[in-house]
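A short write-up of the structure that comes next.
Residues: numbered from 1 along the sequence shown. What you see below is based on every heavy atom in this structure, not just the backbone, and it leaves out hydrogens, waters and symmetry mates.
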Amino acid sequence: MDDNETNRCLLTARLDAEGYKTMEAEDGEKTLAIVREIAPDVVLLDVMMPKIDGFEVCRRLKADTTLGFVPIIMVTARTDSQDVVTGLNAGADEYLTKPVDHAALVARVHSMLRIKELHDRAEAQAAELASWNRTLEQRVAEQVAQIERVSRLKRFLSPQIAELILSSSPNESLETHRRQVTIVFCDLRGFTAFSEVAEPEEVMAVMREYHTALGSVVHEFEGTLERFMGDGIMVIFGDPIPCPDPCVRAVQMAAAMRSRLSELSSKWRRESHELGFGIGIAHGYATLGPIGFEGRCEYSAIGTVVNLAARLCAEARDGQILIDSKVRAAIDDRATTQTVGELMLKGLHRPITAYNVVETI
């Protein structure tokens, strides 16, 4: 047994005694093969080896990106400072010269294992952080996509309906049900006569200004815009998402609409368009849910309260906000009203006491 083999056996025995599991290779080629196969925690590498010397083995191992971090301790009889520099430049993490002090060797191995543990932990944390970042980026991308989908849907649906459609479980909220709601109808006075004599481009321009003005007010007061019907608009308060004081909110919205349309009416009059604006509001039970067929649905409300609000709107003169007695009782002292009297409304069998909202407080 030569000195190298004797030293190797002694090193192996000492490390085995410390509880380390070891594996030997008799030349450089086998060393490369074993390290790449098992990826050990530490490599003890002699410089003088058959086929490929230790310096070249060290270079190849350090250049192999598939291995990750594997500490290498050069153990050799070559003590020349140039050899030490060559070994360290090749990528060695430690350099021990023979004869080896076994206590120093074990200390070096312990040190390299601590460094590897810290390195592996840092890599694991970096991988975990990268995973979190990818998850965060994915969530942000999903949220942006969700916002874009909601924005597109809001062009055609009420924001409340769009949010429920895109939520994880919209069916329960959007299925047919019965609930107390406040219904608001509004339309333009004189629109039919105007559209008979005006050019189509003029009608479209007026409608665009009208819908833009009222649409922003509906969103401001968080009403559910049921639909546009030419110059008619229907808004629901209290569904599909319940809200506190739906009558108060409806009346406040109506007052804001009246103010906004007063400004528009002045502009239209300067353009020779004689158009007024009236509103009707009623409160009561309605049946609500999707109406239509599989290929095309609208969310709507059906019931006497809907008809009542529509009839009050039809009776309203320019600038009037007509409300029924239930809405009057609900708004209490938050608005100044005037009694209009009992009205016989089309489709209703008994007279309805109506009130005009003069101003909100």
Side-chain angles (χ1 to χ4, degrees), residues 36 39 41 62-70 115-177 179 181-182 184 204-205 207-229 233-246 249-250 252-253 256-257 260 286 288-301:
R36 287 166 176 162
D41 292 326
K62 289 297 184 179
D64 191 339
T65 57
T66 64
L67 285 175
F69 176 63
V70 179
I115 292 173
K116 179 171 175 54
E117 181 184 3
L118 291 173
H119 181 276
D120 291 348
R121 188 185 305 165
E123 282 199 334
Q125 290 173 344
E128 186 176 7
L129 179 59
S131 176
W132 287 347
N133 286 337
R134 286 192 298 271
T135 301
L136 180 60
E137 290 172 358
Q138 181 181 354
R139 289 180 179 175
V140 170
E142 290 173 352
Q143 290 173 353
V144 169
Q146 178 83 343
I147 291 171
E148 290 176 350
R149 289 195 296 272
V150 171
S151 297
R152 289 194 296 269
L153 276 176
K154 283 179 179 178
R155 294 179 60 191
F156 303 96
L157 300 173
S158 165
Q160 296 88 338
I161 304 299
E163 294 283 358
L164 286 173
I165 289 175
L166 292 174
S167 68
S168 57
S169 56
N171 293 336
E172 182 177 347
S173 299
L174 295 179
E175 68 183 7
T176 301
H177 59 282
R179 178 177 291 169
V181 292
T182 302
V184 180
M204 291 298 293
M207 294 302 295
R208 189 177 302 111
E209 291 176 329
Y210 173 64
H211 290 154
T212 299
L214 295 196
S216 61
V217 177
V218 174
H219 286 178
E220 178 185 347
F221 287 89
E222 299 181 342
T224 299
L225 181 58
E226 195 266 356
R227 63 183 179 270
F228 289 111
M229 301 164 287
I233 296 176
M234 174 178 167
V235 182
I236 305 171
F237 282 92
D239 194 84
I241 300 174
C243 70
D245 299 326
R249 190 171 297 191
Q252 290 174 340
M253 181 196 72
M257 285 179 167
R260 191 75 57 87
L288 304 110
I291 297 175
F293 62 102
E294 185 176 352
R296 179 70 167 87
C297 281
E298 290 184 352
Y299 193 81
S300 188

* **Nearest atoms (heavy-atom pairs only) where Cys243 meets Gly238** => SG-N, 3.7 Å
* To do: Report the C-alpha separation of Val235 and Met253 in whole Å, then their side-chain angles, then the decisive distance to 0.1 Å, and conclude whether the side-chain contact (heavy atoms from CB on, under 4.5 Å) test is met.
  => CA-CA 10 Å; Val235 182; Met253 181 196 72; 4.2 Å; yes
* Asked: With distance as the sole test, does Ser216 use its side chain to make a donor-acceptor pair with the main-chain N or O of Ala213 at under 3.5 Å?
  -> yes
* Would you find more than 12 non-hydrogen atoms of other residues, nucleotides or ligands less than 6.0 Å from Met229 atom CE? -> yes
* Is the side chain of Lys116 donor-acceptor paired with the backbone N or O of Val70 at a distance under 3.5 Å, no angle test? -> no
* Asked: Say you draw a straight line from CE of Met257 to CD1 of Ile233; how long is it, rounded to the nearest 0.5 Å?
  -> 5.5 Å
* If we only count heavy atoms from C-beta on, is the Ile236 to Leu288 side-chain gap below 4.5 Å? -> yes
* At what distance, to the nearest 0.5 angstrom, does CZ of Phe237 lie from CD of Gln252? -> 9.0 Å
* Under 3.5 Å donor-acceptor, Ser131 side chain and Ala127 backbone -> no
* Any donor-acceptor N or O pair under 3.5 Å, side chains Arg249, Thr182 -> no
* Could you please spell out the steps behind the side-chain contact (heavy atoms from CB on, under 4.5 Å) verdict for Trp132 and Leu136? => CA-CA 6 Å; Trp132 287 347; Leu136 180 60; over 6 Å; no
* First locate atom CZ of Arg134, then atom CD of Gln138, and finally report the distance between them rounded to the nearest 0.5 Å. => 10.0 Å
* To do: Return yes if some donor-acceptor pair links the side-chain N/O of His177 with the main-chain N/O of Glu175 below 3.5 Å, else return no.
  => yes
* To do: Please confirm whether the backbone N or O of Pro240 pairs with a side-chain atom of Arg179, one donor and one acceptor, at under 3.5 Å?
  => yes
* **Spacing of Leu225 atom CG and Leu214 atom CG [to the nearest 0.5 Å]** => 9.5 Å
* Asked: Donor-acceptor pair, Asp239 side chain versus Ile241 backbone, under 3.5 Å?
  -> no
* To do: Could you tell me the separation between the CE atom of Met234 and the OG1 atom of Thr224, rounded to the nearest 0.5 Å?
  => 10.0 Å
